2 protein chains.
Amino acid sequence: MSRFLRVIPVAEAIASLLAIAPDPGVEMVGLEESPFRILGSNITAPDDMPGFSRSIVDGYAVTAPDTAGAGEALPSMLISTGRVEMGSPDPGEIKPGTCRYVPTGGMVPKGADAVVMIEYTEEMGDQILVNRPAAPGENIVAYDEDFAEGEIILQAGRRILPQDAGVLAAAGILSLPVRRIPRIAVIATGDELIPPTADPLPGQVRDVNSIVCETFIRQCGCIPVSCGIIRDNPEDLRSAVQEAVQRADAVFISGGSSKDERDASAEVISTLGKVLVHGIALSPGKPTIIGDIAGRPVIGLPGHPSSAFIVLLAIAAPLLEAMSGQKIPVRTVPALLTAAIPSAKGREDYVRVRVRDGTAQPLFSKSGLLHTLVQSDGYVRVPASREGYEEGAAVEVILW
Amino acid sequence: MSRFLRVIPVAEAIASLLAIAPDPGVEMVGLEESPFRILGSNITAPDDMPGFSRSIVDGYAVTAPDTAGAGEALPSMLISTGRVEMGSPDPGEIKPGTCRYVPTGGMVPKGADAVVMIEYTEEMGDQILVNRPAAPGENIVAYDEDFAEGEIILQAGRRILPQDAGVLAAAGILSLPVRRIPRIAVIATGDELIPPTADPLPGQVRDVNSIVCETFIRQCGCIPVSCGIIRDNPEDLRSAVQEAVQRADAVFISGGSSKDERDASAEVISTLGKVLVHGIALSPGKPTIIGDIAGRPVIGLPGHPSSAFIVLLAIAAPLLEAMSGQKIPVRTVPALLTAAIPSAKGREDYVRVRVRDGTAQPLFSKSGLLHTLVQSDGYVRVPASREGYEEGAAVEVILW
């Protein structure tokens with residue numbers, strides 16, 4: 001069937017997908033559900049934070065002038081008026097000549113403008129000897145020093161991390177706008193396919209692509225919508241795709257493996273919408289289809305699981321990442337190839353490799369096989385500008 | 001209080017935690033729930049895979065000798081006996097002089113030992129001209145070529161990725177052993193603390209550490225168990241910790257901020273179990289406590305959220321990662337410091353930095369403040385062997 005494909009470069013295929021990537025919009029979620037989501041708009045401080053002046057040490061609240069010139073030899077002597085209790089709304093007041101114990105995090109009494117660490121004081125009955133001068137403001141966090149009312153706490157587009165959740169909690173923000181998680185429909189087609197729960201008769205194989213697509217979709221921060229296995233005929237496929245575009249923001253159709261069936265995908269897409277791409281300069285993955293049905297990107301993946309998986313990595317991932325705002329973390333390792341990787345100029349090749357002691361062994365296998373997917377440690381990408389790599393070449397392996 | 005601490009190096013503190021890290025054990029989960037979990041034992045193929053010989057191309061199943069010497073000029077001429085239907089249990093039989101169409105993934109008929117791609121054939125009524133010789137086995141995947149019965153498909157300890165889920169589905173493995181997800185209890189102590197849902201009175205602040213700890217625990221692949229806010233007294237703390245060790249595999253206690261209270265954490269741990277470490281050569285985070293209660297690691301974190309967060313990164317993460325078998329992905333970026341970072345030899349310092357155009361600006365701030373946590377892009381770790389970094393030094397920033 002490849003004879004009829006108009007093959008375009010990988011970058012062009014990705015660009016055509018990104019151009020139609022729908023904006024999933026914004027929804028409100030509770031603070032507890034917000035971690036690891038993408039903030040939908042700027043968050044500002046509803047009040048001054050921390051809201052009252054706090055001590056950042058255990059020590060004595062004082063007026064700074066009372067400690068001027070204090071030293072070990074000639075300490076300042078202040079009358080202690082007791083202690084500030086943690087969480088108490090009334091820390092009392094400091095008048096010149098007095099001081100009051102305040103624990104770390106406690107409210108600074110009125111009139112005090114510094115806290116002397118307990119290490120620099122000595123207790124003598126109700127008198128406190130201070131043997132170091134304190135500067136105004138010392139060891140105090142002012143009531144709006146963290147965030148002033150209206151100040152931006154977190155910027156739109158930020159992925160909410162543990163420390164961000166903490167600052168949101170501190171500000172009492174219990175509900176916040178985050179990007180909606182895109183929903184991606186997954187349809188598997190093929191008369192030979194049965195669900196993983198069934199026992200195959202001769203000629204049947206269990207559906208692999210659905211769970212691979214669905215797990216990959218989760219890895220990219222999206223929600224998979226399983227649409228099951230559809231028989232290889234245009235009518236069933238058309239109604240399945242129609243339903244899928246209603247239920248999801250994008251649709252993945254993994255082809256069965258016959259020529260007729262794959263043509264059916266393109267035919268159904270062009271009936272319901274528009275085929276944008278049919279054929280990508282990618283190996284494996286050449287017969288991939290990209291379409292647009294009512295503003296929903298549709299990707300027709302090859303039926304061979306190992307080819308479909310490369311199309312997910314090379315073509316689908318940029319779409320999913322753009323829609324979700326989440327990135328799959330990429331780990332790479334440099335290695336020397338134990339064998340040459342041939343490739344045609346103008347075509348991107350993804351070759352699975354096994355990594356051992358700084359070397360990468362290319363695992364070439366028949367396209368219908370699964371084992372190299374799980375026996376490899378990652379893959380080497382041969383860019384379109386290169387005609388492969390020679391044995392011994394230094395490459396960057398992208399680890400699974 | 002630091003005057004009373006016996007400070008030990010960070011590596012020693014981590015080692016003392018790892019030495020008591022409990023094994024969370026193994027549980028069975030369904031295939032659909034298995035992705036991103038850690039495999040608890042080797043998985044072997046229950047049957048030969050794919051289970052029958054399949055074609056990997058669209059073409060004609062033949063006996064190889066029938067195509068010997070075939071070429072464009074002198075093609076082999078074979079009688080077509082029809083086509084193999086996808087998913088059909090009976091592909092028929094090939095006798096010398098005949099051939100049969102088989103789509104990609106279809107079962108190879110009995111008697112056939114090769115498939116000639118349709119591109120190298122020509123149809124003439126019920127005769128097929130083959131203009132290229134086929135080698136025995138060409139374009140066929142044998143019935144056990146992916147995995148033979150009993151062969152290991154996936155090794156214990158592997159994190160189940162999309163392609164792995166696909167291979168498990170192909171093998172019909174519907175339930176599998178994975179490592180149990182460790183449960184980590186989180187207790188916040190402090191008389192000044194109120195839940196994020198409450199409006200603070202003067203002297204009160206909302207609890208930040210609980211949600212920071214809980215979100216961090218999730219990030220490390222564990223399940224947080226929230227134990228709420230406990231008042232600053234040994235009785236309440238003791239019963240909270242007793243309950244926590246029943247409910248979880250490890251316990252984090254984030255101290256309030258007063259000296260007495262932190263002593264209470266150590267006292268409660270030593271009453272119920274054993275204090276292993278009290279004081280770590282880490283800044284911030286020096287007054288951290290590590291204990292063991294009935295085989296459960298207990299970490300006493302500082303009350304200041306920004307200090308507690310560094311202890312999570314530096315001390316708690318290795319424990320959580322060891323228990324869960326999951327790693328927080330680390331992204332780093334090289335940068336030149338815009339200002340010196342002073343540090344004492346023998347102490348690890350974690351300094352938050354803002355990264356701009358290849359430079360890293362250290363954000364020093366009073367320890368009670370939150371804003372540098374969210375206004376920084378990551379942190380620089382000064383190892384214990386160094387006395388800080390000079391302005392302009394090349395450092396590796398670990399991004400949030």
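Quick note on labels: first sequence line is chain A, next is B, and so on, each numbered from 1. Please read these numbers as outputs of a predicted model, since none were measured by experiment.
- Checking each of B:Arg37, B:Arg159, B:Gln219 against B:Gln326 for a side-chain hydrogen bond (donor to acceptor under 3.5 Å, both in side chains) leaves exactly one that passes, namely B:Arg159.
- Contacts with chain B were tallied for A:Pro329, A:Gly172, A:Ser365, A:Ser306; A:Gly172 has the most, counting heavy-atom pairs under 4.5 Å.
- Neither the backbone nor the side chain of B:Arg331 comes within contact range of chain A; no heavy atoms are under 4.5 Å apart.
- The closest side-chain heavy-atom distance from A:Leu154 to A:Asn42 is not below 4.5 Å.
- With a 4.5 Å cut-off on non-hydrogen atoms, A:Gln155 does not touch chain B at all.
- Per-residue counts of heavy-atom pairs under 4.5 Å with chain A were compared for B:Val208, B:Val212, B:Leu373, B:Val374; the largest is that of B:Val374.
- Looking only at heavy-atom pairs under 4.5 Å with chain B, the residue among A:Ile194, A:Asp164, A:Val102, A:Leu201 that has the most is A:Asp164.
- A donor-acceptor pair is defined here as one N or O able to donate and one able to accept, closer than 3.5 Å; such a pair exists between the side chain of B:Arg231 and the backbone of B:Gly190.
- With a 4.5 angstrom heavy-atom cutoff, A:Phe147 touches chain B only via side-chain atoms.
- With a threshold of 4.5 angstrom between heavy atoms, B:Pro35 approaches chain A through its backbone and through its side chain.
- Residues A:Thr215 and B:Leu161 form no side-chain contact, since every pair of their non-hydrogen atoms from C-beta on lies 4.5 Å or further apart.
- Looking at B:Ile56, the atoms closer than 4.5 Å to chain A (heavy atoms on both sides) sit in the backbone and in the side chain alike.
- Taken from CZ in B:Phe216 to CG in B:Leu313, the straight-line distance is 5.0 Å, to the nearest 0.5 Å.
- Between chain B and the residues A:Pro89, A:Pro200, A:Gly368, the largest count of heavy-atom pairs under 4.5 Å involves A:Pro89.
- Contact tally against chain B (heavy-atom pairs below 4.5 Å) for A:Gln163, A:Glu32, A:Met107: the top residue is A:Gln163.
- A:Ile229 has its side chain within reach of A:Pro195: a pair of non-hydrogen atoms, C-beta onward, lies under 4.5 Å apart.
- Contact annotation: the side chain of A:His304 approaches that of B:Thr104 to within less than 4.5 Å [non-hydrogen atoms, C-beta and beyond].
- Checked by atom type and distance alone, the side chain of A:Asp191 pairs as donor or acceptor with a backbone atom of A:Asp232 at under 3.5 Å.
- Using a 4.5 Å cut-off between heavy atoms, B:Tyr143 makes no contact with chain A at all.
- The backbone N or O of B:Thr197 lies less than 3.5 Å from no partner atom in the side chain of B:Arg206, so there is not a single donor-acceptor pair.
- When the candidates B:Met49, B:Glu151, B:Arg158, B:Gln375 are compared by the number of heavy-atom contacts under 4.5 Å with chain A, B:Arg158 comes out ahead.
- Using a 4.5 Å cut-off between heavy atoms, B:Leu31 touches chain A through backbone and side chain atoms alike.
- Heavy atoms of A:Leu369 lying under 4.5 Å from chain B belong to its backbone as well as its side chain.
- Of all heavy-atom pairs spanning A:Pro103 and A:Met86, the tightest one is CG-SD, 3.3 Å.
- Looking at B:Glu85, neither its backbone nor its side chain comes within 4.5 Å of chain A, counting heavy atoms on both sides.
- Nearest heavy atoms, A:Ile211 versus B:Ala169: CG2-CB, 3.8 Å.
- Considering only heavy-atom pairs separated by less than 4.5 Å from chain A, the leading option among B:Ala171, B:Gly51, B:Pro305 is B:Ala171.
- For chain A, the nearby part of B:Leu174 is the side chain; its heavy atoms alone come within less than 4.5 Å.
- Considering only heavy-atom pairs separated by less than 4.5 Å from chain B, the leading option among A:Cys213, A:Pro91, A:Ser55, A:Ala165 is A:Ala165.
- Contacts of B:Asp207 with chain A are made by backbone atoms alone, with heavy-atom separations under 4.5 Å and no side-chain atom involved.
- Considering B:Tyr379, B:Trp400, B:Phe252 in turn, B:Trp400 is the only one that fulfils the ring-ring contact (aromatic ring centres under 6.0 Å, His included) rule with B:Phe309.
- Considering only heavy-atom pairs separated by less than 4.5 Å from chain A, the leading option among B:Ala308, B:Gly87, B:Pro162 is B:Pro162.
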